[in-house]
Amino acid sequence: MKIDTIVIHGSERRGEATGAIAFPIYQSSTFAHPGVGRSTGYDYTRSQNPTREHLEQKLAALECGFGALAFSSGMSAVDALVQLLKPGDHVVASDDLYGGTIRLFDHILAKNGVSATYINTGDLDAVKAALRPETALVFIETPTNPMMHITDIRAVADLLRGRNAILVADNTFLTPYLCRPIELGADIVIHSGTKYLGGHNDTLAGFIVTATQELDDKLRFIQKTTGAVLAPFDAFLIERGLKTLAVRMDKSSANAAAIAEWLKTQKKVTAVYFPGVSAMISFEVDAPETAVAVLERVKLIYYAESLGGVESLITYPLLQTHADVPEDQRNARGITDRLLRLSVGIENAEDLIEDLKNALL
Ligand SMILES: *Cc1c(COP(=O)(O)O)cnc(C)c1O
């Protein structure tokens, strides 16, 4: 089956006993047992819940993984992932990661005796040079946020062959509609389901998709033990949003391509970072005053954190997503007071351009 069918039906169309087309919300914290030593397959919602399970199976099918786990946010998924590590382990990560992931690595992981080295994972020699015998995890985001650097997932996976390091790709920006890292050799895919998968700026969610049963077993144990599971109602909302992933990605990507071309012709715009896929654009303007003016003048586009929803959002990485990244690192990576990040929604492209035009006057 093709991916635009799988987002709607999962890997197989599965009937509900009642004939319900929308998978029901099993709003129950616990499940009764038919007898001693017997189970319906469900015991307690922290361990599993039918609504969450239905969504997890769809995610695993979309990412071509063995299994998937749904969490209460993207960060709780990353937090569960790093529970695989032990003191003395080492992490290699993209130097342009999502700010929250850097915060978790630098403040929580470091405290637990795990060190991280940040490099441009698009540079294979840099990856090779950063690997140590104790490197247990290589964490990449492609494209990176907000500078849109690309990493060759297959090449990094080849580099790690024969080592004891797990390759993790945060696939939030591309989604399985545009990229399936497990097919390219990644061991684990992470998602902030809050973004494109949910797609409506109304629910937080996170996912871990695993390539093997071994990783799935370990992470399921961690999830059950630490408990940051996705609630049944939120699983329903993400499932509902996911059904239109393909059409939303097509429309928002086409909008983004048109807007990126238009931005390049604007005299106050000094650089445009658009990887040519998906619907995220970062752009640099001529002065910090212009950046502030754009944020305050947009009327259709919201000045708000987050991305990947039907509504277009513009953010100021300096003060929002990357506020906790030390200034020298921020500047070295181009995250300056002139950089703006636009998440293009599915409104009409001409209306969005008109809004940006008025804001850039
Ligand atoms: C938003 C985001 C996260 C964190 O997800 P939350 O759902 O906000 O906790 C992680 N990685 C990337 C790339 C993100 O954009």
Side-chain angles (χ1 to χ4, degrees), residues 94-103 106 118-120 122-123 141-150 172-173 195 201 252-361:
S94 301
D95 58 6
D96 189 36
L97 282 187
Y98 175 71
T101 305
I102 296 179
R103 188 167 59 216
D106 287 354
Y118 300 99
I119 49 153
N120 174 2
D123 175 353
E141 230 176 79
T142 185
T144 61
N145 170 20
M147 300 309 287
M148 314 293 173
H149 298 151
I150 305 288
T172 300
F173 273 37
K195 317 294 169 54
N201 291 319
S252 60
S253 303
N255 279 355
I259 291 169
E261 281 313 304
W262 177 84
L263 281 170
K264 285 180 196 161
T265 66
Q266 299 306 299
K267 72 173 190 304
K268 286 191 185 171
V269 176
T270 50
V272 177
Y273 305 98
F274 177 58
V277 285
S278 200
M280 296 299 297
I281 304 171
S282 290
F283 63 101
E284 198 182 80
V285 291
D286 57 355
E289 295 74 28
T290 309
V292 171
V294 168
L295 294 165
E296 291 184 347
R297 282 192 201 145
V298 281
K299 288 203 171 74
L300 181 59
I301 301 166
Y302 291 98
Y303 167 31
E305 199 158 321
S306 202
L307 64 108
V310 294
E311 295 91 359
S312 295
L313 307 180
I314 193 161
T315 60
Y316 202 21
L318 174 78
L319 296 185
Q320 294 176 295
T321 51
H322 290 66
D324 286 347
V325 179
E327 188 180 347
D328 53 330
Q329 278 183 40
R330 248 188 351 236
N331 286 332
R333 286 159 44 187
I335 305 167
T336 67
D337 53 7
R338 295 184 293 124
L339 189 77
L340 295 169
R341 192 192 75 183
L342 182 63
S343 168
V344 181
I346 62 169
E347 303 94 335
N348 181 281
E350 285 171 28
D351 287 340
L352 293 172
I353 288 174
E354 187 64 25
D355 198 34
L356 286 168
K357 192 171 168 184
N358 292 332
L360 274 165
L361 272 183

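Position 1 is the first residue of the sequence, and the numbers go up from there. Not measured: the values here are computed from a predicted model. Atom set for the values below is all heavy atoms of this structure, side chains included, hydrogens, waters and symmetry mates excluded.
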Yes or no on side-chain contact (heavy atoms from CB on, under 4.5 Å) for Asp96 and Ile335, after CA distance, side-chain angles and deciding distance?
-> CA-CA 10 Å; Asp96 189 36; Ile335 305 167; 4.0 Å; yes
Evaluate the criterion side-chain contact (heavy atoms from CB on, under 4.5 Å) for residue pair Tyr302 and Asn201; output intermediate values, then yes/no.
-> CA-CA 12 Å; Tyr302 291 98; Asn201 291 319; over 6 Å; no
At what distance, to the nearest 0.5 angstrom, does CG of Leu361 lie from CD of Gln266?
-> 9.5 Å
Heavy-atom donor-acceptor pair, His322 side chain to Asn145 backbone, under 3.5 Å | yes
Heavy-atom side-chain proximity of Leu339 to Leu318 below 4.5 angstrom | no
Heavy-atom check, side chain of Tyr316 versus side chain of Asp337, under 4.5 Å | yes
Just by distance, do the side chain of Ser343 and the backbone of Gly308 share a donor-acceptor pair under 3.5 Å?
-> yes
Considering all heavy atoms of both residues, which atom of Thr142 and which atom of Ile150 are nearest to each other, and what is their separation?
-> OG1-CA, 3.8 Å
Taking only residues two or more places apart in sequence or in another chain, which ones pass side chain to side chain donor-acceptor pair (under 3.5 Å) with Asn348?
-> none
Identify the two heavy atoms, one from Lys264 and one from Val272, that lie closest to each other, and give their separation to 0.1 Å.
-> CG-CG2, 3.8 Å
Count the heavy atoms belonging to other residues, nucleotides or ligands that lie under 6.0 Å from CD of Glu350, then report whether that count exceeds 12.
-> no
side-chain contact (heavy atoms from CB on, under 4.5 Å) assessment of Ser312 paired with Leu300 = CA-CA 8 Å; Ser312 295; Leu300 181 59; over 6 Å; no
Do Glu141 and His149 come within less than 4.5 Å of each other through their side chains, counting heavy atoms only?
-> no
If you take all heavy atoms of Met148 and Tyr273, which pair is closest and at what distance?
-> CG-O, 3.8 Å
Heavy-atom pair with the smallest gap, counting every atom of Phe274 and Val277 = CE1-O, 3.9 Å
Please identify each residue that fulfils side chain to side chain donor-acceptor pair (under 3.5 Å) with Glu354, with sequence neighbours left out.
-> none
With the side chain counted from C-beta on, respond yes when Ser252 and Val310 share a heavy-atom pair under 4.5 Å apart, and no when they do not.
-> no
Is it true that atom OH of Tyr303 has more than 12 heavy atoms of other residues, nucleotides or ligands lying nearer than 6.0 Å?
-> yes
Does Arg333 reach the main-chain N or O of Asp95 with its side chain, forming a donor-acceptor pair under 3.5 Å?
-> yes
Here the gap from Leu263 atom CG to Leu340 atom CG, rounded to the nearest 0.5 Å, amounts to 9.5 Å
Pairwise distance CD(Gln329) to CG(Asp106) - rounded to 0.5 angstrom | 7.0 Å
Spacing of Asn255 atom CG and Ile346 atom CD1 [to the nearest 0.5 Å] = 8.5 Å
Test item: side-chain donor near acceptor, Thr336 and Glu284, under 3.5 Å | no
Leu307 side chain reached by Thr315 side chain, heavy atoms, under 4.5 Å = no
Could you tell me the separation between the OG1 atom of Thr144 and the CE atom of Met280, rounded to the nearest 0.5 Å?
-> 11.0 Å
Roughly how far, to the nearest 0.5 Å, is CG of Asp355 from CZ of Arg297?
-> 11.5 Å
Within the side chain of Lys195, is there an N or O that forms a donor-acceptor pair under 3.5 Å with the backbone of Ser306?
-> no
Check whether any side-chain heavy atom of Thr172 lies under 4.5 Å from a side-chain heavy atom of Tyr98, and answer yes or no.
-> no
Shortest non-hydrogen contact between Tyr118 and Ser94, atoms and distance | CD2-O, 3.7 Å
Starting from the C-alpha separation in whole Å, work towards a yes-or-no answer on side-chain contact (heavy atoms from CB on, under 4.5 Å) for Leu356 and Leu342.
-> CA-CA 10 Å; Leu356 286 168; Leu342 182 63; 4.0 Å; yes
Check whether any side-chain heavy atom of Thr321 lies under 4.5 Å from a side-chain heavy atom of Glu305, and answer yes or no.
-> yes
Looking only at heavy atoms, the pair that brings Thr270 and Val285 closest together is OG1-O, 3.5 Å
